[in-house]
Amino acid sequence: MPYKVKSMDLAPQGRKKIEWVQRHMPVLETIKKRFEEEKPFEGITIGSCLHLEPKTINLGLTLQAGGAEVAMTGCNPLSTQDDATAAGASLGLNMYGWREQTNEEYYQTINMVLDHEPDIIIDDGADMIFMIHKKRRDVLDKIKGACEETTTGIHRLKSMHADGALEFPVIAVNDAYTKYLFDNRYGTGQSTFDSIMGSTNILIAGKNVVVCGYGWCGRGIAMRAQGLGANVIVTEVDPIRALEARMDGYRVMTVHEAVKHADILVTATGNVDIVSGDDFKVMKNGCIMANSGHFNVEINREDLDQMAIEQKKMKPDIDEFVMDDGRRLYLLADGRLVNLAGERGQGHPAEIMDLSFAMQALSAEQLVNTPMEIGVHKTPDEADMRVARLKLKAMGIEIDDLTEKQVEYLEGWEHGT
Ligand SMILES: NC(=O)c1ccc[n+]([C@@H]2O[C@H](COP(=O)([O-])OP(=O)(O)OC[C@H]3O[C@@H](n4cnc5c(N)ncnc54)[C@H](O)[C@@H]3O)[C@@H](O)[C@H]2O)c1
Ligand SMILES: N[C@@H](CCSC[C@H]1O[C@@H](n2cnc3c(=O)[nH]cnc32)[C@H](O)[C@@H]1O)C(=O)O
């Protein structure tokens, strides 16, 4: 199997990590067993661009069990776990990636996956899909379609389709209920603080935590911050979400006001320049900034670089910026998504990626079985229900079924008071 990883010596350690997460991914394991019998991907090559860590390798092994030839690279130059990629290569996956790639190496390894001429793409952020459309048109014809993992990737692909630029169907995995309600909310909520606390070793209780963006990720981050004893402040641009945040019990204010109070600030908007120059002028001394949104553009690092009179690396993933009035501001993980790119970032818990990757596996199967039109498609409700039921079963939870009388009542319109 071709591969380009940091060191194959790390494979035994990576295999143990994969074994551990497999014990906590029961839905994906059930799908893997069915794939082993039915081989839905016989003769199919799947190329993925996802965070390379043990849970993702387990998705690769699930697709491989279904008969696929699998080639994988990372979707972020800082999030790869080198023991996991070594283990993946030792288990027959074509692995390309290592931690701390340069931007050039990042795009090189995407190209290496595309050299396998995949039929199906599984992307996180749409970098691989864009690369195919712009620079690797030689592989376009063979592609049946792609699955996209995250909110921002789907926004970008919808814009691409609106411009008539998209040339194959894409399934919006992020928009499945079993994805965004759990991954974006509970996954990001927990993994963001797991990483911030791991890197900084500071107390959250009693701190002012500012959460920028009250979408699915922001809701999860705010909820966990409150659970850890923080005073939570939310900033938003959407009046309905701002109102929701207020009624969920948080203070809501403009970001320029909020930064004056922030001990910790986390962005999760998928937007650019959420905190920038003017905000840094009034930001509270000692504020620790982290981003959990898609790209490293939410916290404007260029402004920080220009405004700081002195800079120091306190730890590999903590940068200190000293302002001209003596205030010290801190940026974690270079403003890249902290839950994966942070030194101690492990990504979402296994039980959460179990749901997201189950939807990825079923969506890839759908692309093979059902030809689709060019466009961005929702995952079928039936697949969502199937994944939710499998998860409940694995958790030992039973729920009720509607009785015939209840179905009739719900469908009728003649029952009055
Ligand atoms: N870190 C992770 O593991 C992880 C997981 C899932 C999604 N994401 C990424 O996180 C980002 C958010 O995802 P989501 O699912 O919560 O999206 P979402 O669309 O549900 O929420 C984004 C929110 O940000 C708000 N927003 C936009 N511009 C803003 C601004 N200038 N100031 C304040 N708020 C603003 C929007 O109004 C919206 O409510 C996306 O980039 C997504 O790709 C990261
Ligand atoms: N290319 C982007 C990707 C956005 S990451 C956001 C996605 O990461 C996914 N994610 C979060 N934790 C994990 C994990 O541990 N393994 C694999 N994917 C994860 C999650 O499903 C979410 O939609 C970047 O700059 O990093």
Side-chain angles (χ1 to χ4, degrees), residues 1-4 35 38-50 52 56 59-75 88 92-97 103-150 152-175 357 359-380 383:
M1 281 299 147
Y3 57 80
K4 193 160 182 204
F35 280 1
E38 298 177 7
K39 299 282 178 208
F41 301 119
E42 207 67 85
I44 295 284
T45 300
I46 301 180
S48 79
C49 184
L50 297 163
L52 288 179
T56 307
L59 171 64
L61 296 172
T62 304
L63 303 169
Q64 184 191 52
E69 166 89 12
V70 180
M72 310 182 91
T73 186
C75 65
L93 304 173
N94 303 285
M95 302 294 317
Y96 303 100
N103 270 3
E104 200 190 343
E105 288 166 343
Y106 173 72
Y107 286 106
Q108 267 169 11
T109 49
I110 293 183
N111 263 317
M112 288 174 187
V113 167
L114 295 179
D115 289 342
H116 286 264
E117 300 183 356
D119 303 89
I120 305 283
I121 302 295
I122 302 184
D123 211 345
D124 182 344
D127 282 350
M128 183 174 273
I129 299 176
F130 293 139
M131 168 85 96
I132 294 166
H133 284 77
K134 281 193 207 136
K135 296 195 175 148
R136 290 299 305 265
R137 298 189 62 81
D138 55 304
V139 301
L140 238 169
D141 272 359
K142 193 165 170 250
I143 292 173
K144 293 182 194 300
C147 310
E148 169 54 47
E149 172 84 3
T150 199
T152 293
I154 290 165
H155 285 316
R156 298 167 86 194
L157 290 164
K158 283 186 177 162
S159 304
M160 200 173 162
H161 185 48
D163 286 346
L166 186 65
E167 296 189 44
F168 49 70
V170 178
I171 300 187
V173 171
N174 180 76
D175 294 355
F357 285 161
M359 280 311 293
Q360 284 286 13
L362 295 182
S363 300
E365 187 183 25
Q366 198 198 352
L367 282 171
V368 172
N369 291 340
T370 328
M372 295 173 116
E373 285 179 11
I374 294 174
V376 180
H377 301 268
K378 203 183 164 314
T379 51

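Side chains included, hydrogens not; waters and symmetry mates left out as well; all remaining heavy atoms used. Treat the numbers as computed from the prediction; the structure is a model and nothing was measured.
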Taking the side chain as everything from C-beta on, heavy atoms only, tell me whether [X] gets closer than 4.5 Å to [Y].
X      : Y      : result
Glu105 : Gln108 : yes
Ile121 : Leu114 : yes
Leu63  : Ile120 : no
Val173 : Cys147 : yes

With rounding to the nearest 0.5 angstrom, report the [atom1] to [atom2] distance, [X] to [Y].
X      : Y      : atom1 : atom2 : answer
Asn174 : Leu157 : CG    : CG    : 11.5 Å
Leu50  : Leu59  : CG    : CG    : 6.5 Å
Ser363 : His377 : OG    : NE2   : 11.5 Å
Asp124 : Cys75  : CG    : SG    : 4.0 Å
Ile132 : Lys142 : CD1   : NZ    : 11.5 Å
Asn111 : His116 : CG    : NE2   : 11.5 Å

**Prompt:** Less than 6.0 Å separating the ring centroids of Tyr3 and Tyr96?
**Reply:** no
**Request:** Any chance you could lay out the side-chain contact (heavy atoms from CB on, under 4.5 Å) test for Thr62 and Phe357, step after step, and finish with the verdict?
**Result:** CA-CA 10 Å; Thr62 304; Phe357 285 161; over 6 Å; no
**Message:** Among residues at least two apart in sequence or on other chains, which ones pass salt bridge (charged side-chain N to carboxylate O under 4.0 Å, His left out) with Glu117?
**Reply:** none
**Request:** Only counting residues at least two apart or in another chain, list the ones meeting salt bridge (charged side-chain N to carboxylate O under 4.0 Å, His left out) with Lys4.
**Result:** none
**Message:** Students often mix this up, so state it plainly: with edges at 30° and 60°, are the rings of Phe168 and His133 parallel, tilted or perpendicular?
**Reply:** tilted
**Prompt:** Restricting to pairs with a member in residues 64-75, which pass side chain to side chain donor-acceptor pair (under 3.5 Å), not counting sequence neighbours?
**Reply:** Glu69-Asn94, Thr73-Thr109
Any donor and acceptor pair, going by atom type alone, linking the side chain of [X] with main-chain N or O of [Y] inside 3.5 Å?
X      : Y      : value
Asp119 : Thr45  : yes
Glu148 : Gly125 : yes
Asp123 : Met128 : yes

Testing the basics here: between [X] and [Y], what is the closest heavy-atom pair and its distance to 0.1 Å?
X      : Y      : result
Ala172 : Ile154 : CB-CD1, 3.5 Å
Met95  : Gly88  : CG-C, 3.7 Å
Ile171 : Leu367 : CD1-CG, 3.9 Å
Met160 : Phe130 : SD-CE2, 3.1 Å
Leu93  : Met72  : CD1-SD, 4.0 Å
Cys49  : Tyr106 : SG-OH, 4.2 Å

**Prompt:** Is any NZ, NE, NH1 or NH2 atom of the basic residue among Lys378 and Asp175 found under 4.0 Å from an Asp or Glu carboxylate oxygen of the other?
**Reply:** no
**Asked** So, Asp127 and Arg156, do they make that salt bridge, N to O below 4.0 Å?
**Response** yes
**Request:** Among residues two or more places apart or on two chains, list those pairs meeting salt bridge (Lys or Arg N to Asp or Glu O under 4.0 Å) that have a residue in residues 38-47.
**Result:** Arg34-Glu38
**Message:** Please list all pairs meeting salt bridge (Lys or Arg N to Asp or Glu O under 4.0 Å) that have one or both residues in residues 160-174, counting only residues at least two apart or in different chains.
**Reply:** Arg137-Glu167
**Prompt:** Asp138 and salt bridge (charged side-chain N to carboxylate O under 4.0 Å, His left out): which partner among Lys134, Lys135, Arg136?
**Reply:** Arg136
Identify each donor-acceptor pair in which a side-chain atom of residues 369-376 lies under 3.5 Å from a protein atom, sequence neighbours left out, and give them as a table.
{"unit_1": "Thr370", "atom_1": "OG1", "unit_2": "Gln366", "atom_2": "O", "d": "3.3"}

